[in-house]
Protein chains: 2
Amino acid sequence: MTQATRRERDRAATDREIRQQARSLLVDDGPAAVTLRAIARELGITAPALYRYYSSREDLIEHLRADVCADLAAELAGGLSALAETDHVGQVLTVCRGFRRWALAHPQEFTLVFASPSPPGVHCPVSAQEQVRDSFGRIFLTVAGRVLANGLPITRPDHDVPEVLVADLTHFRDELLLTITESGVDLGADQLGVGTAYVMLQFWVRLYGQVALEVFGQFPFPVSDAEPLFESMLTDLVRDVGL
Amino acid sequence: MTQATRRERDRAATDREIRQQARSLLVDDGPAAVTLRAIARELGITAPALYRYYSSREDLIEHLRADVCADLAAELAGGLSALAETDHVGQVLTVCRGFRRWALAHPQEFTLVFASPSPPGVHCPVSAQEQVRDSFGRIFLTVAGRVLANGLPITRPDHDVPEVLVADLTHFRDELLLTITESGVDLGADQLGVGTAYVMLQFWVRLYGQVALEVFGQFPFPVSDAEPLFESMLTDLVRDVGL
DNA sequence: GTGCTCTTGTGAACGCCGTTAACTACACCG
DNA sequence: CGGTGTAGTTAACGGCGTTCACAAGAGCAC
């Protein structure tokens, strides 16, 4: 298959070790502990050697983000496989709960990926910002595609969408269609209008808001148990989008 | 008034300078740039001197958070004064827009105050976590109080609230009542039920989610202009809570 | 096999950081 | 005046990202 020289295999292996160590430092001690020197120390090499693999600490962190995101996607996909193909609402609930569970279990990673100020100018290197969210977004959107393919109507009519948003939302809709058909589900444009894209956006806003508030402890009052709160929000959310 | 010795006045002045410098470093170069050495450098003193005022860098950051929060509250209150006393919905809109504007203009401060993992054990020192959000929460809740006092019904009936949430929400409701009556508005418990508190919580979730997503650039698609998106969300939000 | 090149690593160094400790200068108080 | 406490100093420790010059060795052409 991959006819790689020994050098290339060695390099790839070392790279894996680096990211693995970085990851475990992140999980155990937070983003501030992801230190070139610490990583090198754990690997039994010296810090400057890492520069053979990443151009800077920030570069390494960027790749770490991608890893984290991919793992989240895998975890969500895993939880999904236990459900019946036809249980679309259940799949939506499972993905949402999985996202929350992951965020609470890995607040450091959550902060790194979903709550770090986006570098302003960075939009050209498609790999980073775009690809990262693809690996997570894809699973999310695939579930959405299944729901839509089942003919379950998402409530908001297209004409309710403010005109200024139509252009952006149309792009979003097209991307959704692409992702969904790629995953093997057949879906016509009539089933996925701009209004639907708008509702999905709102869905994401509320889910993200709830999870982020919980992770950051920014509810306006002390919450004794956040899980029922989340479940209640999720129930409302599913109802509001008409599932 | 405040009969302070010269020493005390000097100390207070230096403290103000420290926080001011810390603040401008935060604004200009982000949280990572808020460095004891950098602050001291700008003030023409040496770094260890700062330990006469704060026990550690983290301690200073904590007070910085409070400052930031107080300024946000002041800014929101300022924007409010231009409106007619009776325009309650307008006040709500103004506060929401002000919050977004502030968050976008000060992403570093926003991150520091609203999107930093809450230190797990820290709940005893009421001054920090609690007082901080008070200074901001008060303005938010005062507006809510005015709306409620005007007899505008918030839609959710109490009996729709899941039972497990009632206890927490009741505490929230009581705190709301206290804050509101403190600000001079007379309000009976019949106008502020648990259902109302629940709706206000949802309001906060959606507002926070939208703003945080915008600040962190985590919308699921490229947004050419986020302001109409925010306005649209705000319209929906105000409609959904029945204003 | 010999020699060349390119890759991967090392060690030393620079300048930053938070923090501690010992010490100085000086304002305040009796 | 002398004593006390405060606000500042300097020096130092260990850790950080990063750069640079250099060594060891794999891979390859001849």
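Below, chains carry the letters A, B, ... as their sequence lines are ordered, and counting in each starts from 1.
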State whether Tyr53(A) places a side-chain N or O below 4.0 Å from either non-bridging phosphate oxygen (OP1 or OP2) of dG9(C).
yes
Taken to the nearest whole Å, OH/Tyr54(A) to C1'/dT8(C) is 15 Å
Should Arg11(A) be listed as having a side-chain N or O under 4.0 Å from OP1 or OP2 of dT8(C)?
yes
Let me know the distance between CZ of Arg57(B) and C1' of dG15(D), rounded to the nearest Å.
14 Å
Whole angstrom is fine here: how far is it from CG in Asp15(B) over to P in dA7(D)?
11 Å
Nucleotide dC16(C), atom C1' - distance to CG of Leu25(B) in whole Å:
14 Å
Knowing that exactly one of Phe230(B), Phe203(B), Phe114(B) qualifies, which makes a ring-ring contact (aromatic ring centres under 6.0 Å, His included) with Phe99(B)?
Phe114(B)
Judged by atom type as modelled, is there a donor-acceptor pair below 3.5 Å linking the side chain of Ser116(A) to the main-chain atoms of Val113(A)?
no
Length of the CG-C1' vector between Asp59(A) and dT18(D), whole Å:
14 Å
Roughly, in whole Å, what's the span from CG in Asp10(B) to C1' in dC28(C)?
13 Å
Separation of atom CD1 in Ile39(A) from atom P in dT18(D), rounded to whole Å
11 Å
Distance below 4.0 Å between Thr46(B) side-chain N/O and dG8(D) OP1 or OP2:
no
Quick one about Asp15(A) and Tyr54(A) (side-chain donor to acceptor, distance below 3.5 Å, no hydrogens or angles considered), yes or no?
yes
Is there a side-chain contact between Arg41(B) and the phosphate of dG15(C), meaning an N or O under 4.0 Å from OP1 or OP2?
no
How about Asp236(B) and Tyr198(A): does a side-chain donor come under 3.5 Å of a side-chain acceptor?
yes
Does Arg37(A) have a side-chain nitrogen or oxygen under 4.0 Å from the phosphate oxygens OP1 or OP2 of dC16(C)?
no
Value in whole Å for how far the P atom of dT18(D) lies from CG of Leu36(A)
6 Å
Which residue lies more 5' along DNA chain D, comparing Thr35(A) with Ala47(B) via nearest heavy atoms:
Ala47(B)
Taking only the side-chain heavy atoms of Pro48(A) (C-beta and beyond), determine which of dC16(D), dT10(C), dT19(C) contains the nearest atom.
dT10(C)
Quick check for you: to the nearest 0.5 Å, what is the distance between Leu229(B) atom CG and Leu234(B) atom CG?
11.5 Å
Is any side-chain N or O of Arg52(A) under 3.5 Å from a base N or O of dG9(C), one able to act as donor and the other as acceptor?
yes
Looking at dT19(D), I'd like to know if its phosphate oxygens (OP1 or OP2) sit under 4.0 Å from a side-chain N or O belonging to Tyr51(A).
no
